Amino acid sequence: RQGATLSDLAEKINVNPAALVTVLFHLGEMATATQSLDEATFEILGQEIGWNIKIVSAEEEDRELLQQFDIDLDSEQEDQDDKDLKPRPPVVTVMGHVDHGKTRLLDTIRKTNTSAHEAGGITQRIGAYQVTVNLEGEPRKITFLDTPGHEAFTAMRARGAELTDVAILVVAADDGVMPQTVEAINHAKAADVPIVVAVNKIDVEGANPEKVRGQLTEFGLVSEEYGGDTMFVDISAKLGTNVDKLLEAVLLTADADLDLRANPNMDARGATVEARLDKGRGAVATVLVQQGTLHVGDAIVAGSAYGRVRAMLDENGKQMKEAGPSTPVQVLGLTSVPTAGDVFIVAPEDRTARQIAEKREATARAAQQAKRRKVVSLETLNEQ
Ligand code: GTP
Ligand code: MG
């Protein structure tokens, strides 16, 4: 790993760190056991002691860790038999410039669609929710990530959790394309996520939806009326105007551009959407299942948090026994709080989940120490 030291290596190959310091010294390199070394130095050392030493990224290291427990993220994904794959709902993120109406839109969608079904149900924010939309007479689900803005989007991507299938770009018709509109477009493009444009606030005087269409052509988002293939829907998040049409557009875009299928009959895997410590219930994490089906009783590990799923709740507080692909659920039973974006997997046994979590914790700690050492040595350099 980046920043690795002779101590780290000594631990991995089970030798005394002092011995490695000595070997390196004889090779003409002075280093302490706790000093970060570069790949070239490790290579020279490796040749001498008969090990092939590579510096791997944190991701690769984690992959290797999982392989030690017979969990192979890649092969399982690729080996999916076509007949095992079943359609799954699209996962949607709402993006756009400050004050253009992202939160209002998410609230409107949620109110008109979720809580209404659950008489007496107390809805709570769990970071994600599902709505049902009728498309050509067929009920279809859409999963919304309830954390608007690209911060959440980029943080998750940085952690390797590609959650979003479709992005709704909210642009206020009385304000037009603004810096964060462009930023959002760039993020979605980088992630190869199709965009549906919600031209919002059409109820406001001076709203000019046509101008927004014109502006966005510059960024490759050309509406169907203009001969392009991006769906634009004029809405008022405040009044609820055309919000149903927007949801239809999301489904049509997903159907046209994406092949959204997953195997529900395997161990669940997905990502943490948000997590916190609750006084009464302990660690509470909202996870999005991406593949497989998560069950109450499953042993899971998310980042360096682990535990057994004690209970699962949907956004209406309703208990669930299982959750399939694209379903967001609140999970109780983790022993600590994972970080948003942490990938979760089901482990074959409680013990495996704990061991993976503990190894990750140790790796994170070592990386932290390496960073601190670097800072300290830079500071000493400056002082001299
Ligand atoms: P940030 O979270 O700050 O980035 O803003 P946002 O994009 O979430 O905007 P938000 O939903 O908070 O809306 C900003 C303001 O615009 C609020 O006062 C909303 O009530 C108002 N607003 C949102 N949508 C509409 C709309 O369709 N019509 C009108 N008239 N006002 C709207
Ligand atoms: Mg907001």
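Everything numeric here is computed off the predicted structure, so don't read it as measured data. Excluded from the calculations below are hydrogen atoms, water molecules and symmetry mates; all remaining heavy atoms, backbone and side chain alike, are included. Counting convention: from 1, in listed order, for ligands and their atoms alike.
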Notebook entry, point to check: What atoms of ligand 1 come closer than 4.0 angstrom to any heavy atom of Thr103?
Noted result: 2 (O), 6 (P), 8 (O), 11 (O)
Note to self: One thing to verify: whether Lys238 and Asp107 come together as a salt bridge, which I'm taking to mean a side-chain N less than 4.0 angstrom from a carboxylate O.
What the structure shows: no
Next item on the list: Check whether any heavy atom of His97 sits under 4.0 Å from an atom of ligand 1.
Entry: yes
Note to self: Checking Thr143 against Gln130: is there a side-chain donor and acceptor pair closer than 3.5 Å?
What the structure shows: yes
Check: Are Met95 and Val182 connected in a single hydrophobic cluster, I mean Ile/Leu/Val/Met/Phe/Trp/Tyr linked by side-chain heavy atoms less than 4.5 Å apart?
Finding: no
Item checked: Asp99, portion touching ligand 1 at heavy-atom distance under 4.0 Å -> both
Note to self: Closer than 4.0 Å to some heavy atom of Val204 - which atoms of ligand 1 meet that?
What the structure shows: 29 (C), 30 (N)
Check: Given Lys201, Arg104, Lys238, which has its nearest heavy atom closest to atom 16 (O) of ligand 1?
Finding: Lys201
Notebook entry, point to check: So is Arg354 actually on top of Tyr306's ring, under 6.0 Å and inside 45° of the axis?
Noted result: no
Note to self: Once you restrict to heavy atoms under 4.0 Å, what part of Asn200 touches ligand 1? Side chain, backbone, both or neither.
What the structure shows: side chain
Margin query: Distance alone, cut at 3.5 Å: any donor-acceptor contact between the side chains of Ser304 and Arg360?
Written below: no
Note to self: Quick test of your reading of the model: are Arg261 and Asp82 salt-bridged, counting only N-O distances below 4.0 Å?
What the structure shows: yes
Note to self: Does ligand 1 come near enough to Ala237 that some N or O of the ligand is less than 3.5 Å from an N or O of the residue?
What the structure shows: yes
